[in-house]
Peer 1: 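There's a structure below that I have some questions on.
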Amino acid sequence: MADVVLVLNAGSSSLKFSLFDVAGGRPALQLHGQVEGLDTAPRFLARDAQGAEVGAKVWAEGTGLGHDGAITHLVEFLREHRVDGRLVAVGHRVVHGGLAFAAAVRVTPEVTAALARLSPLAPLHQPHNLAPIEILAKLQPGLPQVACFDTAFHRAQPEVAQAFALPPSITGRGVRRYGFHGLSYEYIADVLQQVDAKAAAGRTVVAHLGNGSSMCALVAGRSVASTMGFTAVDGLPMGTRCGNLDPGVVLYLIDELGMDVRAIERLLYTQSGLLGVSGLSSDMRVLLASSDERARFAIELYTYRLGRELGSLAAAAGGLDALVFTAGIGENAPAIRERVCRDAAWLGVVLDPAANRSGGPRISAPESRVAVWVLPTDEELMIARHTLGLIGGGT
Ligand code: ADP
């Protein structure tokens with residue numbers, strides 16, 4: 001029986017999991033799934049690596065399962081599948097590692113306490129990410145746990161790329177650009193190295209376009225700048241987040257519209273972006289299929305802002321050798337990739353329309369100065385690798 005590593009990604013209302021067989025030091029996906037609706041109408045679904053359903057459960061509305069109940073169910077489910085004895089470690093996705101954690105770390109009570117102190121920097125995510133760590137530490141105290149951070153990969157950025165032009169009395173409190181989606185960028189940097197070593201050694205911009213969207217400039221595989229900043233609301237417009245916003249707008253919302261902090265938070269995080277602009281949906285598939293003028297404008301604004309950020313990141317990297325699209329929209333929406341590449345012609349991007357329609361992976365024309373790739377991301381696999389590496393089993 002081979003050893004397995006469990007990867008957990010806990011949000012406010014869901015707990016996603018993936019189980020990797022780590023025989024031979026190379027994690028291979030065995031099972032994945034989630035418990036959704038933790039505090040409303042919880043439902044559990046697990047699938048094997050081929051996508052076949054291997055477990056499902058629905059709880060009554062108002063059960064109030066919470067993270068506690070979800071973890072307990074998952075542990076029982078794994079026991080039923082007789083994997084508990086082979087579980088060698090759990091890897092967690094943790095949004096914020098602050099300044100102190102520039103790499104994944106083995107969890108200790110001191111680490112957990114340090115991560116909890118970062119909660120004010122990511123109040124919507126950090127406490128939920130930490131909940132399963134604390135629950136498992138009580139349930140199975142001997143089980144090694146590893147925290148992997150969305151911010152860590154960006155700590156390599158030059159100081160100027162991380163700084164705000166604010167006085168030290170503010171920046172000294174940790175107010176700086178952290179950047180997020182780091183596990184995705186780290187994974188893509190690794191894949192690019194395998195598929196296009198020349199481009200990977202140069203200047204690359206990776207566009208992670210999902211519900212949360214951001215872009216990152218890499219030089220020789222290291223992050224030098226990213227569109228997300230102090231929080232994950234900065235940068236590109238997203239499914240429901242506004243992205244880049246003149247801070248004067250926030251002052252106007254307070255002064256003139258009398259909005260309080262929570263109302264502004266709701267507006268910027270859940271009522272803006274593709275959903276807010278279109279008034280229809282945060283889902284790019286719905287917008288692309290719609291003939292509504294508002295859907296068309298939301299897409300236009302999304303791709304326009306992508307083009308501007310691409311220029312800004314190419315400037316930060318000192319040029320552009322490769323452009324990579326990844327995540328839900330990046331991997332599956334040729335129409336969006338086509339617009340972005342058309343707007344990036346000035347950077348030397350020439351698209352191969354047929355390759356773009358068929359999904360690549362290389363979608364640039366032979367004469368393109370910039371290599372353009374579509375590469376599926378895999379943050380869970382990255383977490384499994386870090387976890388295995390830290391418990392001494394990985395390659
Ligand atoms: P998350 O950030 O939640 O991980 P994903 O990476 O799964 O999100 O991306 C979700 C986004 O991808 C949604 O906007 C969805 O509409 C979009 N998407 C998924 N499949 C397609 C597709 N075939 N065409 C266009 N957009 C797609």
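These figures come from a predicted structure and were not determined experimentally.
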Peer 1: If we ignore angles and hydrogens, is there a donor and acceptor under 3.5 Å between the side chains of Asn244 and Glu309?
Peer 2: yes
Peer 1: Salt-bridge test for Arg262 and Asp260: reply yes if a basic N is under 4.0 Å from a carboxylate O, no otherwise.
Peer 2: no
Peer 1: Which pairs, with at least one residue in residues 112-134 and sequence neighbours excluded, count as a side chain to side chain donor-acceptor pair (under 3.5 Å)?
Peer 2: none
Peer 1: If I compare all heavy atoms of Leu313 with all of Ala217, which pair ends up nearest, and what's the gap?
Peer 2: O-CB, 3.7 Å
Peer 1: For a quick test of reading the model, state the closest non-hydrogen atom pair linking Ser290 to Leu280 and the distance between them.
Peer 2: OG-CD1, 4.0 Å
Peer 1: Ignoring hydrogens, what is the shortest heavy-atom contact between Ser364 and Val370? Give both atom names and the distance.
Peer 2: CB-O, 3.5 Å
Peer 1: Any salt bridge between Glu76 and Arg79, counting N to O under 4.0 Å?
Peer 2: no
Peer 1: By the side chain to side chain donor-acceptor pair (under 3.5 Å) test, which pairs, at least two apart or in different chains, include something from residues 211-221?
Peer 2: His181-Ser214, Tyr185-Ser214, Ser213-Tyr302
Peer 1: Run the ring-ring contact (aromatic ring centres under 6.0 Å, His included) test on His96 and Phe180 for me, step by step, so that the C-alpha distance in whole Å, both residues' side-chain angles and the decisive distance to 0.1 Å come before the verdict.
Peer 2: CA-CA 8 Å; His96 225 299; Phe180 298 89; 5.6 Å; yes
Peer 1: Looking at every non-hydrogen atom in both residues, tell me the closest pair between Ile391 and Pro144 and how far apart they are.
Peer 2: CG2-CB, 3.9 Å
Peer 1: Where do Thr326 and Glu331 land on the side-chain contact (heavy atoms from CB on, under 4.5 Å) test, with the steps shown first?
Peer 2: CA-CA 5 Å; Thr326 193; Glu331 292 167 28; 3.2 Å; yes
Peer 1: Atom NE2 in His208, atom CD1 in Ile188: separation rounded to 0.5 Å?
Peer 2: 9.0 Å
Peer 1: Check the orientation of His73 and Phe44. Use parallel for under 30°, tilted for 30 to 60°, and perpendicular for over 60°.
Peer 2: perpendicular
Peer 1: In sequence, state the C-alpha distance, the side-chain angles, and the governing distance for Asp292 and Ser278, and then conclude on side-chain contact (heavy atoms from CB on, under 4.5 Å).
Peer 2: CA-CA 9 Å; Asp292 194 303; Ser278 71; over 6 Å; no
Peer 1: Using only heavy-atom distances, determine whether the side chains of Thr108 and Arg106 contain a donor-acceptor pair under 3.5 Å.
Peer 2: no
Peer 1: What is the distance from atom CZ of Phe153 to atom CG of Leu183, rounded to the nearest 0.5 Å?
Peer 2: 10.0 Å
Peer 1: Before you tell me yes or no, could you show the steps for Arg93 and Asp150 under side-chain contact (heavy atoms from CB on, under 4.5 Å), namely the whole-Å CA-CA distance, both residues' side-chain angles and the distance that decides it to 0.1 Å?
Peer 2: CA-CA 7 Å; Arg93 181 176 187 177; Asp150 278 312; 3.0 Å; yes
